[in-house]
Participant: 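After the structure tokens below, expect a handful of questions from me.
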Amino acid sequence: MSTVTLAPSAFATLFLLFTVIPLSTTAVLDAYYYDQRCPQADKIILETVRNASMHDPKVPARILRMFFHDCFVRGCDASVLLDSTPGNKAEKDGPPNISLRSFYVIDDAKAKLEPACPQTVSCADIIAIAARDVVVLTGGPYWNVLKGRKDGRVSKAAETTNLPAPSLNVTQLIRSFAKRGLGTKDLVALSGGHTLGFSHCSSFEARLRNFSSTNDVDPSLNDVLAENLRKKCLKPNRDANAGEFLDSTSSIFDNDYFIQLVAGMGVFESDQSLFSDYRTRWIVESFARDEGLFFREFTTSMLKLGNVGALEDGEVRLNCRVPN
Ligand code: HEM
Ligand SMILES: *[C@@H]1O[C@H](CO)[C@@H](O)[C@H](O)[C@H]1NC(C)=O
Ligand SMILES: *[C@@H]1O[C@H](CO)[C@@H](O)[C@H](O)[C@H]1NC(C)=O
Ligand SMILES: *[C@@H]1O[C@H](CO)[C@@H](O)[C@H](O)[C@H]1NC(C)=O
Ligand SMILES: *[C@@H]1O[C@H](CO)[C@@H](O)[C@H](O)[C@H]1NC(C)=O
């Protein structure tokens, strides 16, 4: 272990740095934030999410993905929830909108929270709590969500191009996560979110034909899965909803996603690339072997994801679709 010794002048510089740079835009989050302000908040959100998930089993995956998108574009500020206006196309109407749905669940929770605790619970916190709830409801780990985010006032469709694409390789994925202060372990653990849900053909069909000058089909894709996906996606009049589940147990939060990667059964190039590269392969293997380890690391990484760009200088929206 190495020790860094600082000259007195270095101390002075550090002191100046920490006192002069305004840190006010980043909220310090707190697990007990609503304990006094709105003790019913957790229960109201859980009941809403549970009821919605019972009526529509697609809800858990959609809420989990919504949290990821929110945090990766402008930080976790509920920008993903704002509706487009005549003068502005919002994130939710940007290119990867194809499975960003079920916003009504957040609206329902907000509609119950406002009469209970007026203008207290931010939409950004509702998404973060709901994302934890859907993980628990589908069999995954529980964690204490940190709260106290404020809602932003800006949402731009053009900014969704900052989201990682399913065609990225490990180097590009690592860079995309590093921009948000997330490390390689966070990348692998959070990609485990693909233990839930579904993808449309458009997100992975480039792997199925004309993949590269040397391979018609992506060579990292398992042959049996490739044949299956080709049958579903490469037909003339395919249904707009055609696609594949991201994991063989797509409504259960478990470590099957990682077991599938080891077998070459990852649906996206981005998924499968985690097993092709030495920097991430050992982490995939350790999660495939040990579900408890995956659950612990997923929890830690979700807390980190929830801190990305958490706003202090924002507002608590009355309606999650429009700024106050
Ligand atoms: C590592 C980079 C990631 C990429 C490239 C990526 C890409 C995608 C794509 C392309 C889809 C399918 C969209 C469609 O065709 O319908 C998808 C679905 C999904 N993603 Fe990711 N994702 C990433 C990370 C994450 C993270 C960190 C989470 C959450 C922790 C997550 C959760 C989900 C879920 C739950 C679905 C299924 C949605 C549904 O069934 O409606 N993803 N992702
Ligand atoms: C439960 O969910 C259904 C379907 O979304 C909805 O119509 C109903 O109002 C919800 N009930 C409660 C108590 O939230
Ligand atoms: C999704 O994005 C595409 C491309 O930007 C756009 O044409 C389409 O209208 C959007 N769809 C929805 C439901 O927002
Ligand atoms: C990943 O993509 C980048 C940019 O396209 C490329 O330079 C790199 O060689 C690729 N491969 C790996 C394994 O990172
Ligand atoms: C593959 O790519 C070539 C050249 O870009 C194109 O001529 C051909 O039609 C493509 N084949 C398929 C099956 O899309």
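Numbers for residues simply follow the sequence, beginning at 1. Whatever order the structure lists ligands and atoms in, that order sets their numbers, starting from 1. Values reported hereafter were calculated over all heavy atoms of this structure, with side chains retained and with hydrogens, waters and symmetry mates removed.
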Participant: Backbone, side chain, both or neither: what part of Lys112 comes under 4.0 angstrom of ligand 2, heavy atoms only?
Facilitator: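 The answer is the side chain of Lys112.
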Participant: Taking the six-membered ring of Phe198, is NZ or CZ of Lys58 closer than 6.0 Å to its centre and within 45° of its axis?
Facilitator: no
Participant: With a 4.0 Å heavy-atom cut-off (strictly under), which part of Phe67 contacts ligand 1: side chain, backbone, both or neither?
Facilitator: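 No part of Phe67 comes within reach of ligand 1.
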Participant: Kindly say whether the aromatic ring centers of Phe275 and Phe258 come within a distance under 6.0 Å.
Facilitator: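 Centroid distance Phe275-Phe258: not below 6.0 Å, so no.
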Participant: Do NZ/NE/NH1/NH2 and the carboxylate oxygens of Asp30 and Lys147 come within less than 4.0 Å?
Facilitator: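 No, Asp30 and Lys147 are not salt-bridged.
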Participant: Considering only N or O atoms, set out every pair between ligand 4 and the protein closer than 3.5 Å, with distances to one decimal place.
Facilitator:
| unit_1 | atom_1 | unit_2 | atom_2 | d |
| --- | --- | --- | --- | --- |
| ligand 4 | 2 (O) | Asn169 | ND2 | 2.3 |
| ligand 4 | 5 (O) | Gln172 | NE2 | 3.4 |
| ligand 4 | 11 (N) | Asn169 | ND2 | 2.9 |
| ligand 4 | 14 (O) | Thr171 | OG1 | 2.4 |

Participant: Within 45° of the ring axis of Tyr33 and under 6.0 Å from its six-membered ring centre, is that where the NZ or CZ of Arg37 lies?
Facilitator: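 Yes, cation above the ring, under 6.0 Å and within 45°.
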Participant: At under 4.0 Å between heavy atoms, is it the side chain or the backbone of Leu168 that contacts ligand 1, or both, or neither?
Facilitator: neither
Participant: Are any of the N/O atoms in Ser270 less than 3.5 Å from those in ligand 1?
Facilitator: no
Participant: Under 3.5 Å between any N/O of Phe198 and any N/O of ligand 1: does that happen in this structure?
Facilitator: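 Checking ligand 1 against Phe198, an N or O pair does fall under 3.5 Å apart.
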Participant: Mind checking whether Ser203 contacts ligand 1 via backbone (N, CA, C, O), side chain (CB onward), both or neither, at a 4.0 Å heavy-atom cut-off?
Facilitator: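 Just the side chain.
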Participant: Short N/O distance, under 3.5 Å, between Tyr104 and ligand 2?
Facilitator: no
Participant: Check Thr195, Ile127, Val134 against Leu64 for a side chain to side chain contact (heavy atoms under 4.5 Å, CB included) and give me the one that passes.
Facilitator: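 With Leu64 as partner, Thr195, Ile127, Val134 yield a single side chain to side chain contact (heavy atoms under 4.5 Å, CB included), made by Val134.
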Participant: Can you confirm, on distance only, whether ligand 1 has an N/O atom lying under 3.5 Å from any N/O atom belonging to His194?
Facilitator: yes
